[in-house]
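The block underneath contains the structure these notes are about, expressed in structure tokens.
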2 protein chains.
Amino acid sequence: MAHAHSHVIHEGASLKQAARDTLEKSGQQWTAMRASVFDALAQFERPASAYDIAEAVSKAEGRRIAANSIYRILDLFVASNLARRVESVNAYVANAHPDCQHDCIFLVCDACGQATHIDDDSLSGNVRRAAEKAGFSVKRPIIEVHGTCADCDKN
Amino acid sequence: MAHAHSHVIHEGASLKQAARDTLEKSGQQWTAMRASVFDALAQFERPASAYDIAEAVSKAEGRRIAANSIYRILDLFVASNLARRVESVNAYVANAHPDCQHDCIFLVCDACGQATHIDDDSLSGNVRRAAEKAGFSVKRPIIEVHGTCADCDKN
DNA sequence: TGTCGAAATGATATGTTGTATCTTTCTTCG
DNA sequence: CGAAGAAAGATACAACATATCATTTCGACA
């Protein structure tokens with residue numbers, strides 16, 4: 001593992017609970033709508049666009065949910081570390097460990113669309129330092145690598 | 001300098017000439033339209049959206065140029081290394097040294113919108129290696145750092 | 001428990017970014 | 001010149017994102 005501290009990778013119900021805890025700890029409400037959006041997001045195998053999620057939530061709720069509601073909630077999730085935005089594909093993924101903060105690196109497969117996520121604080125630390133060295137005050141490093149994943153490479 | 005080989009940073013007419021040479025060397029035509037798009041792109045201080053460029057070119061040409069034409073040409077420029085796309089802001093910048101290939105790193109100021117560009121092949125090399133180590137076949141690393149530039153920090 | 005203020009969501013419209021398709025024009029080269 | 005292919009134009013539309021205002025829900029507290 002590239003970083004020293006331990007952390008839990010949550011899944012399913014555990015992930016949902018971790019998300020809820022994290023959100024509430026930051027003083028936000030865990031509403032039915034937010035739960036529904038989180039569920040939808042977590043069920044996608046690939047980064048999902050706000051509109052993908054709107055569709056999934058609409059189906060789950062049996063009524064039409066408009067994009068703006070989804071965006072609002074996704075923005076909240078990203079701000080609270082429950083989700084990440086993959087900039088180069090305009091889409092979102094659930095964060096498997098909302099309880100700890102990393103600059104994360106996405107490996108985005110151009111063939112199947114999957115985005116796997118690695119944390120390497122030394123790598124992102126180097127990026128941060130290089131930027132600071134150029135007189136830049138870093139808020140958020142974005143590292144996304146496009147290519148093909150091992151599975152797609154085989155085929 | 002973070003990388004060992006020398007290369008020229010072009011500006012103005014020299015940049016335009018370098019762009020033209022690079023494009024023609026790759027078997028593409030340097031047309032009036034492409035020149036016009038390149039001029040427009042190079043004149044922006046900040047990453048410019050395709051629509052920004054469409055507007056600038058329309059003004060320069062005295063007739064309406066539609067977005068699709070701009071996109072076509074920008075795609076060609078990016079493929080030929082004459083321009084870069086800054087993914088996290090959906091915008092494009094001219095490449096100051098089209099004649100050599102780097103994985104580049106953009107420092108994007110959230111206050112003024114400027115994107116400065118640094119090359120550090122060792123950094124991007126580390127990113128590439130980390131991805132390959134995870135069984136991923138890398139085509140294109142994207143490294144963009146958001147924050148505030150030195151100028152904006154002062155104020 | 002009722003009600004008041006704040007937070008969240010809904011409805012609707014619109015702005016921005018990006019593609020698809022087909023037609024017309026331009027360039028190259030025999 | 002004339003044919004073939006490359007480039008650009010016209011048009012329509014899809015996908016992504018935000019703004020504004022109305023309505024509902026939540027939570028605190030008398």
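Lettering of chains follows the sequences in order, A, B, ..., and the numbering in each one begins at 1.
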Going by side-chain hydrogen bond (donor to acceptor under 3.5 Å, both in side chains), name the residues that satisfy it together with [X], two or more places apart in sequence or in a different chain.
X: A:Arg85; answer: A:Glu87, A:Asn90, A:Tyr92
X: A:Gln17; answer: A:Asp21
X: B:Ser80; answer: none

A:His102 and A:His97 aromatic ring geometry - parallel, tilted or perpendicular at 30°/60° bounds: perpendicular
Suppose we screen for side-chain contact (heavy atoms from CB on, under 4.5 Å). Which residues come up paired with [X], at least two apart in sequence or across chains?
X: A:Glu132; value: A:Val138
X: A:Ala67; value: A:Tyr51, A:Tyr71
X: A:Thr22; value: A:Leu82, A:Pro98, A:Asp99

Atom-pair distance (CG on A:Leu74; C1' on C:dA8), nearest Å: 15 Å
Outermost nucleotides of DNA chain D that come under 4.0 Å of a non-hydrogen atom of chain B: D:dA6 to D:dT11
side-chain N/O A:Thr31 vs C:dA7 OP1/OP2, d < 4.0 Å: no
Sugar-phosphate only, base, or nothing, as touched by B:Gln28 at under 4.0 Å among non-hydrogen atoms: sugar-phosphate
Contact pattern, 5' to 3', of nucleotides 13-29 of chain C - B, S or - by protein heavy atom under 4.0 Å: ----BBBBB--------
Selection residues 55-64 of chain A - residue pairs positive for side chain to side chain donor-acceptor pair (under 3.5 Å), sequence neighbours left out: A:Ser36-A:Glu61, A:Glu61-A:Arg63
